[in-house]
Amino acid sequence: MNASVVVAGAVFDQGRLLAARRSSPPELAGRWELPGGKVEPGESGEQALVRELREELGVESRPLERIPGEWPLKPGYVLQVWTVALVSGDPRTLQDHDALRWLAPDEVDDVDWLDQDRPAVAEAARRLRGA
Ligand code: DCM
């Protein structure tokens with residue numbers, strides 16, 4: 001069986017990376033993530049990401065490029081990550097999150113990221129620094 005895909009966005013704006021603090025489920029609450037969610041049947045990863053960021057943050061966004069790699073989540077799920085530009089709107093905590101932070105490159109390690117997001121966050125931070 002192929003694993004189901006969860007997509008997440010490394011949202012960049014003005015040289016900063018968006019971090020979102022989860023409010024649920026209890027075992028993930030309080031940890032920070034790249035916002036996103038599950039790909040639904042018939043959707044591409046990019047389509048799912050645009051939909052999820054609209055639902056969770058109230059923004060219109062544009063996926064830029066996929067960060068190479070795929071990271072295991074709970075059994076049967078893998079995480080894929082894209083860098084994302086904001087097209088319009090200011091991110092707000094509409095669903096799943098209770099705080100947002102825009103992190104400058106030297107602040108990226110200041111929040112307690114979900115373990116499974118850390119490799120993609122490190123790569124996103126490298127790109128943010130222009131390295
Ligand atoms: N998830 C994750 N890292 C992310 C986004 C999601 O580990 N950046 C996990 C949390 C959930 C599952 O994927 O177990 C589905 O996410 P959601 O509940 O946001 O749809």
Side-chain angles (χ1 to χ4, degrees):
M1 189 194 89
N2 282 331
S4 299
V5 176
V6 172
V7 293
V11 180
F12 290 162
D13 194 43
Q14 298 183 25
R16 291 172 190 243
L17 171 67
L18 184 65
R21 193 173 66 191
R22 289 195 67 106
S23 52
S24 70
E27 62 274 19
L28 302 182
R31 307 283 301 277
W32 294 77
E33 70 172 8
L34 301 171
K38 298 183 186 95
V39 178
E40 291 179 354
E43 277 183 329
S44 68
E46 286 98 333
Q47 287 169 337
L49 187 52
V50 168
R51 175 184 52 73
E52 288 283 346
L53 297 180
R54 183 183 297 133
E55 290 173 359
E56 294 188 355
L57 303 172
V59 296
E60 294 306 316
S61 63
R62 181 165 50 90
L64 298 174
E65 44 174 333
R66 170 105 181 262
I67 293 181
E70 193 169 80
W71 297 278
L73 301 176
K74 59 194 171 187
Y77 288 87
V78 294
L79 178 68
Q80 298 180 357
V81 177
W82 276 257
T83 59
V84 173
L86 278 184
V87 174
S88 65
D90 220 3
R92 294 169 288 146
T93 55
L94 299 176
Q95 264 182 26
D96 298 345
H97 305 113
D98 62 7
L100 301 174
R101 276 188 67 178
W102 285 107
L103 302 171
D106 64 353
E107 296 172 330
V108 164
D109 295 328
D110 288 3
V111 302
D112 184 22
W113 293 100
L114 291 174
D115 295 338
Q116 55 270 30
D117 284 35
R118 287 174 191 256
V121 167
E123 182 55 33
R126 257 193 298 281
R127 289 170 190 227
L128 205 54
R129 288 186 193 101

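Nothing fancy with the numbering, it's 1 onward along the sequence. Both backbone and side-chain heavy atoms feed into the values below; hydrogens, waters and symmetry mates do not. All ligand and atom numbering here is 1-based and tracks the order in the structure.
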Item to check | Closest protein heavy atom to atom 16 (O) of ligand 1, given as residue, atom name and distance to 0.1 Å | outcome: Arg22 NH1, 3.9 Å
Next on the checklist: Within the 3.5 Å criterion, strictly below it, is a donor on Glu56 or Gln95 matched to an acceptor on the partner's side chain?
Outcome noted: no
Item to check | Arg66 side chain to Pro68 backbone, donor-acceptor under 3.5 Å | outcome: no
Next on the checklist: Students should be able to answer this: which protein heavy-atom is nearest to atom 4 (C) of ligand 1, and at what distance?
Outcome noted: Glu33 OE1, 3.3 Å
Item to check | Nearest protein heavy atom with distance in Å, relative to atom 3 (N) of ligand 1 | outcome: Asp117 OD1, 2.8 Å
Checklist outcome for this item: Note: Val81, heavy atoms under 4.0 Å from ligand 1, region reported as neither
Next on the checklist: Would you say that more than 12 heavy atoms from the other residues, nucleotides or ligands in this model lie under 6.0 Å from the CG of Asp109, or not?
Outcome noted: no
Checklist entry - To which of Leu114, Leu28, Leu73 does the heavy atom nearest atom 11 (C) of ligand 1 belong? => result Leu28
Item to check | Ser23 (side chain) donor-acceptor with Asp96 (main chain) under 3.5 angstrom | outcome: yes
Checklist entry - Which atoms from ligand 1 have a heavy atom of Gly36 less than 4.0 Å away? => result 19 (O)
Checklist outcome for this item: atom 12 (C) of ligand 1 sits nearest the protein heavy atom Val6 CG2, 4.1 Å
Checklist outcome for this item: One finds that the ligand 1 atoms under 4.0 Å from a non-hydrogen atom of Ala8 are 8 (N)
Checklist outcome for this item: Contact region, Lys74 to ligand 1, non-hydrogen atoms below 4.0 Å, reads side chain
Checklist entry - What atoms of ligand 1 come closer than 4.0 angstrom to any heavy atom of Leu34? => result 4 (C), 5 (C), 8 (N)
Next on the checklist: Among all the protein's non-hydrogen atoms, which is closest to atom 20 (O) of ligand 1, and how far away is it?
Outcome noted: Gly37 CA, 3.7 Å
Checklist entry - Any side-chain heavy-atom pair from Trp82 and Ile67 closer than 4.5 angstrom? => result no
Item to check | Nearest-contact summary for atom 7 (O) of ligand 1 - protein heavy atom, Å | outcome: Gln116 NE2, 2.8 Å
Next on the checklist: Has Arg129 got a side-chain atom pairing as donor or acceptor with Pro105's backbone, closer than 3.5 angstrom?
Outcome noted: yes
Next on the checklist: So does Trp113 get a backbone contact from the side chain of Arg31, meaning a donor-acceptor N/O pair under 3.5 Å?
Outcome noted: yes
Checklist entry - Under 3.5 Å, is there a donor-acceptor pair between the side chain of Asp117 and the main chain of Glu33? => result no
